[in-house]
2 protein chains.
Amino acid sequence: MEQDSRLAGTVRPGGRTARVRAAVLEATQDELVLHGFHGLSMDAVAARAGVGKTTVYRRWTGAAGLVADLMTELADQSAAHANTGTVEEDLRANALSVLAAITDERLGATLQAVIAAATCDKEAAAALSTFYERRIAEWGKSIDLAIRRGELPEGTDGHEVIRAISAPLYYRLLVTKEPVDKATAERSATRALVAARNGAFVG
Amino acid sequence: MEQDSRLAGTVRPGGRTARVRAAVLEATQDELVLHGFHGLSMDAVAARAGVGKTTVYRRWTGAAGLVADLMTELADQSAAHANTGTVEEDLRANALSVLAAITDERLGATLQAVIAAATCDKEAAAALSTFYERRIAEWGKSIDLAIRRGELPEGTDGHEVIRAISAPLYYRLLVTKEPVDKATAERSATRALVAARNGAFVG
DNA sequence: CCCCTAATGGGTCTTTAGTTCCGTTAAGAT
DNA sequence: ATCTTAACGGAACTAAAGACCCATTAGGGG
């Protein structure tokens, strides 16, 4: 009689509980593609997932909780950094992977939704932050390798270089609403590389 | 009997209509600071502004329309580009003006709200797009002057340099949720400048 | 100053979001 | 296989969002 203080789904996470979670997160992505975060209704998600809306409200507090959980799920699926042998190609690969993510219909819609949710919800903000922290640390290794190969100056801040590549793509996607294509991504990688080679990321 | 197809507030825009608009936009900003875009309620805005909620629904379609109008209002107030005599200082001024905007309590909350709204609303997206198009064109002049002074290579894409300065700041604000301070802004300006001097923005 | 009507605002109605209750189903431990 | 109870789902309920109607107020042209 004391376990009702704990969150539902933690004591018996197998079988049905897992199936419900998968169905709800799938349905959430579908809804995000159709209506975006502001148009995300718990009711619609429950109906599409084929589960009772009581269940959705019980396990996820609200719309922000849903997308936060979605982001957490994606964090576990993030890929390893490229290791092609040259920084130039590694950074190009990084830019193209960001491009692929934000131009993918489902993934792109999900990312934008989490970002929208994170502007006013702590949980979503934390999920986002964690996701990119990991991603930046992972791809930062490419820079460390490049430094060891002598391709970049000693002391170059790898995390900052990786951020510098993604930033213009997200800026276009979210702020200026300009289209983001392959050429944009490649330019972004090249510019970060030029700056890095000239020591702009040292210190 | 035909003018009801036109939007309310366009035939008699002076006096009361203008006062109502000002009060509503003010109240909208207050609410955005408190609850963010996702928590923006037309009802609360009307109450805070001291106007009937019917009026708010009539003149602005919904929450997205409110923030879109707010953005349009801000677009008219945008400042002219700096002209200190050196690119270095002009770009630094640009970065600091972005910093000031996103760290200001009311303006920052408004910008984040419009960005959140723009992820799923065309009107808000258009307002954002227009705002930054203007801003980038305005500050791009600093780069043109620098090219004429011989500080940057002929053919440098000024708009892209300006975007490159803002991008990392918005990236941190919206995506990674890292704090954005003066040092971050200055680094961003410096890095874009280094890349530009080395021809990364030509072509 | 007067008139016409654009624009506002209170009140009411409808719809949708979110909660609660309780019976049913199925994990997972023995 | 059996039992306990975590977790689900339908239904009824409450609260809030949003739409509508019509009387009142005040721009702005004459």
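Just so it is clear, the structure is predicted and the values come from calculations on it, not from any experiment. Naming convention: chains lettered A, B, ... in sequence-line order (proteins, then strands); numbering from 1 in each chain.
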A:R16 side-chain proximity, nearest of C:dT25, D:dG18, C:dT8: C:dT25
Among the nucleotides D:dA19, C:dG9, C:dA17, which one has an atom lying closest to any side-chain atom of B:Y57?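 Out of D:dA19, C:dG9, C:dA17, the nucleotide with an atom closest to B:Y57's side chain is D:dA19.
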Is there a donor and acceptor pair closer than 3.5 Å between the side chain of A:K53 and the base of D:dG9?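 Counting by modelled atom types and ignoring angles, no donor-acceptor contact under 3.5 Å is found here.
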Nearest whole angstrom, please: distance from the P of C:dT19 to the CH2 of A:W60.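 The distance from CH2 of A:W60 to P of C:dT19 comes to 15 Å, rounded to the nearest Å.
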Provide, to the nearest angstrom, the distance between the CG atom belonging to A:L66 and the C1' atom belonging to C:dA17. 14 Å
Nearest-nucleotide wise, let me know which of B:D43 and B:G15 is further upstream toward the 5' end of DNA chain D.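 With B:G15 and B:D43 compared, the 5'-side residue is B:D43.
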Please figure out whether B:L40 or B:R19 has its closest DNA chain D nucleotide nearer the 5' end. B:L40
Would one find a side-chain N or O of [X] under 4.0 angstrom from OP1 or OP2 of [N]?
X     : N     : answer
B:R21 : C:dT8 : no
A:R59 : D:dC8 : yes
A:T54 : D:dG9 : no

Are there over 12 heavy-atom neighbours, none belonging to A:E186, within less than 6.0 Å of that residue's CD? yes
For this output row, return yes or no: ring centroids of A:Y132 and A:Y170 closer than 6.0 angstrom. yes
Set of residues satisfying side-chain contact (heavy atoms from CB on, under 4.5 Å) with respect to A:K122, sequence neighbours excluded: none
Within this structure, what is the CD1-NZ distance for the pair B:I115 and A:K177, rounded to the nearest 0.5 Å? 8.5 Å
